[in-house]
Amino acid sequence: MTAPTDEQAYFDAVLAADQRIEPRDWMPDAYRANLIRQIAQHAHSEIIGMQPEANWLTRAPSLRRKAILLAKIQDEAGHGLYLYSAAETLGADRGELTEWLISGRQKYSSIFNYPTLNFADVGVIGWLVDGAAICNQVPLCRSSFGPYGRAMIRVCKEESFHQRQGYELLMTMMRGTDAQRHMVQEAVDRWWWPALMMFGPPDGDSPNTERSMRWRIKRHTNDELRQRFVDMSVPQAEALGVTLPDPELSWNDERGSHDFGEPDWAELSQVIAGNGACNAQRIEVRRAAHEGGAWVREAAAAFADKNKEMRP
Ligand SMILES: [Fe+2]
Ligand SMILES: [Fe+2]
């Protein structure tokens with residue numbers, strides 16, 4: 001092994017002191033590549049995640065519900081934009097990242113390949129999907145890469161609102177008719193296991209975790225975060241009056257945590273491989289939006305060129 005360079009020593013010292021690496025700082029190529037992949041995948045998830053909820057925008061049951069849902073979906077667009085900007089500070093090209101999403105070279109969260117079948121899904125996505133996202137993202141506020149950590153602080157504030165709006169919608173439905181309560185329970189039954197899969201494969205099958213933790217990009221393992229999410233969700237489900245669809249779910253006094261069943265990892269692999277219910281549809285909608293927006297990008301580029309010419 002060769003002795004570390006001054007740059008490497010500085011990078012190591014910044015991490016050891018729990019300080020932030022900034023875009024102008026030297027960083028190992030693998031750290032840069034790993035961050036670009038993670039931030040891009042995160043950005044893609046925010047943007048693709050707009051689709052399942054937008055499915056209910058024109059059919060929201062009241063003006064109030066429509067306004068809330070619209071604001072939430074617009075927040076997700078904003079999250080995508082912060083994150084693409086953070087990836088650009090690492091030298092990534094946003095157009096290229098979008099191409100990689102559309103061509104399937106880069107992934108987005110598997111959760112968004114499940115369909116939204118009734119309006120209770122909007123509430124359950126807020127409660128469980130945004131709730132799981134919060135568990136994943138709060139530790140990222142302390143990520144060692146400055147622009148990513150700072151973007152996450154703002155994103156997490158908005159995610160808390162998303163979680164609350166979902167929970168409030170479900171609470172309202174649970175106080176309604178039997179048919180509404182049934183809709184909520186049925187939606188919980190469909191989303192619970194996919195929400196647990198959002199934390200990724202079990203630690204034993206997650207080869208990059210160790211390195212990401214060493215780089216202080218990740219602070220907790222997949223299984224730790226999944227446990228935290230289960231422990232957080234159980235009392236919320238009780239308050240709501242719904243049953244989580246896991247017969248193995250029970251309090252373990254010794255561990256001070258809940259025991260719970262094993263998600264269907266074969267299903268997760270299938271969805272990641274592109275065989276989920278909505279994978280093809282999500283990418284097709286994104287491709288059409290990208291192609292439909294070509295004239296806007298061309299006009300913006302022409303405007304920027306013109307401004308350059310006019311400058312003395
Ligand atoms: Fe978001
Ligand atoms: Fe959200």
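Only heavy atoms go into these numbers, but all of them, side chains included; no hydrogens, no water, no symmetry mates. When a ligand or atom number is given, it counts from 1 through the structure's own listing order.
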Does [atom1] in [X] sit with more than 12 non-hydrogen atoms of other residues, nucleotides or ligands closer than 6.0 Å?
| X | atom1 | answer |
| --- | --- | --- |
| Phe161 | CZ | yes |
| Asp29 | CG | no |
| Arg211 | CZ | yes |

> Out of the N/O/S atoms in His79, what is the name of the one closest to the Fe ion (ligand 1)?
Replying inline: ND1
> By atom name, which N, O or S atom belonging to Glu46 lies closest to the Fe ion (ligand 1)?
Replying inline: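 Result for Glu46 and the Fe ion (ligand 1): OE1.
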> Counting backbone and side-chain atoms alike, does His162 have an N/O/S atom under 2.8 Å from the Fe ion (ligand 1)?
Replying inline: no
> Measuring to the Fe ion (ligand 1), does Glu159 have an N/O/S atom at a distance below 2.8 Å?
Replying inline: yes
> Any idea which N/O/S atom from Asp130 gets closest to the Fe ion (ligand 2)?
Replying inline: OD1
> When you check the side-chain N and O atoms of His44 and Gln41, is any donor under 3.5 Å from an acceptor?
Replying inline: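 Not at all, the side chains of His44 and Gln41 share no donor-acceptor pair under 3.5 Å.
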>> For a distance under 2.8 Å, tell me if Glu76 has an N/O/S atom near the Fe ion (ligand 2).
In response: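 So Glu76 does bind the Fe ion (ligand 2) by this criterion.
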>> Students often mix this up, so state it plainly: with edges at 30° and 60°, are the rings of Phe145 and Tyr31 parallel, tilted or perpendicular?
In response: perpendicular
